[in-house]
Q: 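Got a structure for you, written out below as structure tokens; questions coming shortly.
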2 protein chains.
Amino acid sequence: MTSIPKKNTDAAPDQQTEQKILDAARHVFRRAGFGGARMQEIADQADISKPALHYYFRSKEKLFQQVFETDFERYMAPLGIIIRDPGMDLEKRIRTFVSSYIETLAEHPILPLFIMHELANNPDRISEFVVNRLLSGNSDQEHPERQGFGIFVNQISEGVQSGSFHPVDPVQYILSLLGMCVYPFIARPMIKKLLQLPEDRYRQMMLDRRQEVITYALRILVRDQNRLSHPAK
Amino acid sequence: MTSIPKKNTDAAPDQQTEQKILDAARHVFRRAGFGGARMQEIADQADISKPALHYYFRSKEKLFQQVFETDFERYMAPLGIIIRDPGMDLEKRIRTFVSSYIETLAEHPILPLFIMHELANNPDRISEFVVNRLLSGNSDQEHPERQGFGIFVNQISEGVQSGSFHPVDPVQYILSLLGMCVYPFIARPMIKKLLQLPEDRYRQMMLDRRQEVITYALRILVRDQNRLSHPAK
DNA sequence: ATACGGTCTGACTATATGGTCAACCATAAA
DNA sequence: TTTATGGTTGACCATATAGTCAGACCGTAT
């Protein structure tokens, strides 16, 4: 299977079909979760028959794994900004992270809820691969909460010790930063209902939010706001 | 079994059994969601038969509605602090809200994910009753984002105008406040995995978090931190 | 004792769903 | 044309699950 039967549109055999299935499956799985998704609906949406679906992906579980792994990486990818580039200063790191994270989520608004729901049902789905990347750096300190995010945590700790930052717990700070970015997407149905926002205005509000969150995040941390590259008025 | 058929403990016939069912159902629904929950599992956990379960609650939907309504109110209740008590000053309001919200969530860690997941699947489940209470106050302004949370929003706006607060968008600020409180519970499986925390240490971390979030929230908002009732060192 | 009525159950139905399979189709090589 | 092969399907199976029902059970009132 997946071989090269004919000339399908151009090169790939039916990678086209495979991709069509993955797109349909992602759509259905995100909305309904693993348990709520129906193979028939995925087949319909990919415009193929149910046996054809099983021909490409042996089982629902296998299909889900591919979809979930892709989405999990998509969800975690922006965190790489917090980890990589040791040379980047903390302010730049925070600005870049918040912007790219919120942008990613604005493109995939139901991604966080999907990921978190599946992880709650089956924590073993947490990809060891991605986890290891997050924890890369130092890995067996006596302070387990200091593991991973090494550069980020160190930058915060140094700033706190030098007095240029307010005293914050780095882990609690990271959770707050993530919460400010992610929560509005988790609560999307509530927000749209309470504020009576259509999708496009909701989306715009999320994009406006980037600058606001950056400001909040830096104000929590940095003592002298005038030293920022774009000081608040 | 377990039934003292008639005069059960006092008045109601077998409110005891009914409560036992609701407890079991809440447990199962919270973990698996409406779609993933099995009536058989609920029956088992309540230690009754499946037909008995249907005897007390006609259908899965009916049972779910009762569970969900209770949990939805439990989830929204702390928000009342933001709304009621017009006399309470903003600092006190924030301190009280954050503490009680995080405490509620620490008692029911999977509540937020449950509520949000069900709301995403079926936004119509948003209780009109609770929504109306949240929106109480002013209700048909030309600024729909200013509806509800009236007192809270006004207090922020006044502080901003008087110059004692940093300029913040009240709605974005509220979202940030909620995000800092709720997100760590949404991401509980990730956090426990990444930090390798057992449940009790996770819980303690959440309780420690109360003060940290309060500090962050006030630092985002209030210009002169020395005017706070408990100024940061 | 007997009848009544609320509580409960074994056995059942209807339906939905993941998955399978033998046969079929279309293309290209022989 | 024949044949081989990847791709596709209608029909089917096994299982799971929400929900039903006739009747059993049991304490109470008559």
Side-chain angles (χ1 to χ4, degrees), chain A residues 1-29 31-68 118 121-122, chain B residues 1-29 31-68 118 121-122:
Chain A
M1 50 206 66
T2 314
S3 52
I4 310 168
K6 315 91 189 303
K7 64 324 132 117
N8 204 332
T9 305
D10 51 16
D14 48 344
Q15 252 171 335
Q16 191 191 357
T17 304
E18 197 169 312
Q19 193 54 48
K20 202 168 54 175
I21 293 175
L22 284 172
D23 289 344
R26 187 174 327 126
H27 188 249
V28 174
F29 277 134
R31 179 174 50 69
F34 177 79
R38 301 299 158 212
M39 291 298 267
Q40 186 63 61
E41 189 183 351
I42 295 174
D44 289 349
Q45 203 150 326
D47 202 31
I48 59 171
S49 69
K50 195 159 64 109
L53 180 56
H54 278 85
Y55 174 77
Y56 282 89
F57 298 87
R58 273 179 197 286
S59 68
K60 190 184 183 184
E61 176 68 29
K62 279 279 197 309
L63 177 55
F64 179 80
Q65 278 174 12
Q66 289 222 12
V67 168
F68 185 77
E118 297 304 330
N121 282 352
N122 189 350
Chain B
M1 50 207 58
T2 314
S3 63
I4 308 161
K6 272 9 180 15
K7 60 334 105 139
N8 202 332
T9 307
D10 51 15
D14 49 343
Q15 254 172 331
Q16 191 192 356
T17 303
E18 197 169 310
Q19 192 55 48
K20 203 168 52 174
I21 293 175
L22 284 173
D23 289 343
R26 185 172 330 124
H27 188 249
V28 174
F29 278 134
R31 180 172 50 68
F34 177 79
R38 302 296 158 215
M39 292 297 268
Q40 186 63 62
E41 189 182 351
I42 295 173
D44 290 347
Q45 204 150 325
D47 202 32
I48 60 172
S49 68
K50 195 159 65 107
L53 179 56
H54 277 86
Y55 175 77
Y56 282 90
F57 298 87
R58 275 182 194 285
S59 68
K60 189 184 183 183
E61 177 67 29
K62 280 279 200 307
L63 178 55
F64 180 80
Q65 278 173 12
Q66 290 222 12
V67 169
F68 185 76
E118 297 303 331
N121 282 352
N122 189 350

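By convention in this document, chain letters (A, B, ...) are assigned in the order of the sequence lines, proteins followed by strands, and residues within each chain are numbered from 1.
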Q: dG6(D) C1' sits how many Å from E18(A) CD, rounded?
A: 14 Å
Q: How long is the line joining CD of E61(B) and P of dT17(D), in whole Å?
A: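 Rounded to the whole Å, the gap is 18 Å.
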Q: What's the verdict on side-chain hydrogen bond (donor to acceptor under 3.5 Å, both in side chains) for E118(A) and N122(A), showing C-alpha distance, side-chain angles and the deciding distance?
A: CA-CA 6 Å; E118(A) 297 304 330; N122(A) 189 350; over 6 Å; no
Q: Can you establish whether the number of heavy atoms outside H27(A) located under 6.0 Å from its atom NE2 is more than 12?
A: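 Count not over threshold, so no.
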Q: Rounded to whole Å, please give me the gap between CD1 in I21(A) and C1' in dT8(D).
A: 11 Å
Q: Rounding to a whole Å, what distance do you find between F57(A):CZ and dG7(D):C1'?
A: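 Those two atoms, CZ and C1', are 15 Å apart.
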Q: Would you say CG of D23(B) has more than 12 non-hydrogen atoms from neighbouring residues, nucleotides or ligands within 6.0 angstrom?
A: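 Yes - once you tally the heavy atoms of other residues, nucleotides and ligands closer than 6.0 Å, there are more than 12.
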Q: Measure the distance from CD on Q40(B) to P on dT15(D) and round it to the nearest whole Å.
A: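 Atom CD in Q40(B) sits about 17 Å away from atom P in dT15(D).
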Q: Would you indicate what A37(A) reaches in the nucleic acid, counting non-hydrogen atoms under 4.0 angstrom: base, sugar-phosphate, or nothing?
A: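 Sugar-phosphate, backbone atoms only, no base.
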Q: So, for F68(A) and F29(A), is the gap between ring centers shorter than 6.0 Å?
A: no
Q: Applying side chain to side chain donor-acceptor pair (under 3.5 Å), name anything that partners Q66(B), two or more places apart in sequence or on another chain.
A: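 Q66(B) satisfies side chain to side chain donor-acceptor pair (under 3.5 Å) with no residue once adjacent residues are dropped.
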Q: If I take atom CG in residue L53(A) and atom C1' in nucleotide dG7(D), what distance separates them, rounded to the nearest angstrom?
A: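 Distance check: L53(A) CG to dG7(D) C1' gives 14 Å.
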Q: Looking at dA18(D), dT9(D), dG19(C), which one has an atom nearest to any side-chain atom of H54(B)?
A: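 The answer is dA18(D), which lies nearest to the side chain.
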Q: At under 4.0 Å between heavy atoms, which parts of nucleotides 11-16 of chain C does protein reach? Answer with one letter per nucleotide, 5' to 3': B base, S sugar-phosphate only, - none.
A: ------
Q: Identify the two heavy atoms, one from V28(B) and one from R38(B), that lie closest to each other, and give their separation to 0.1 Å.
A: CG1-N, 4.3 Å
Q: Looking at Y55(B), does any N or O in its side chain come under 4.0 Å of the phosphate oxygens OP1/OP2 on dC8(C)?
A: no
Q: With respect to the side chain of S49(B), which nucleotide from dA18(D), dT9(C), dG19(C) is positioned closest?
A: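 Of all the options, the side chain of S49(B) is nearest to dT9(C).
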Q: Of all the nucleotides listed (dT8(D), dG19(D), dG18(C)), which has the minimum atom distance to the side chain of M39(B)?
A: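 Nearest listed nucleotide: dG19(D).
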Q: Quick one: closest heavy-atom pair of I21(B) and A46(B), and the distance?
A: CA-CB, 4.0 Å
Q: Roughly, in whole Å, what's the span from NZ in K62(A) to C1' in dG18(C)?
A: 14 Å
Q: Output the rounded distance in Å from CZ (F64(B)) to P (dT17(D)).
A: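 In whole Å, dT17(D) P lies 18 Å from F64(B) CZ.
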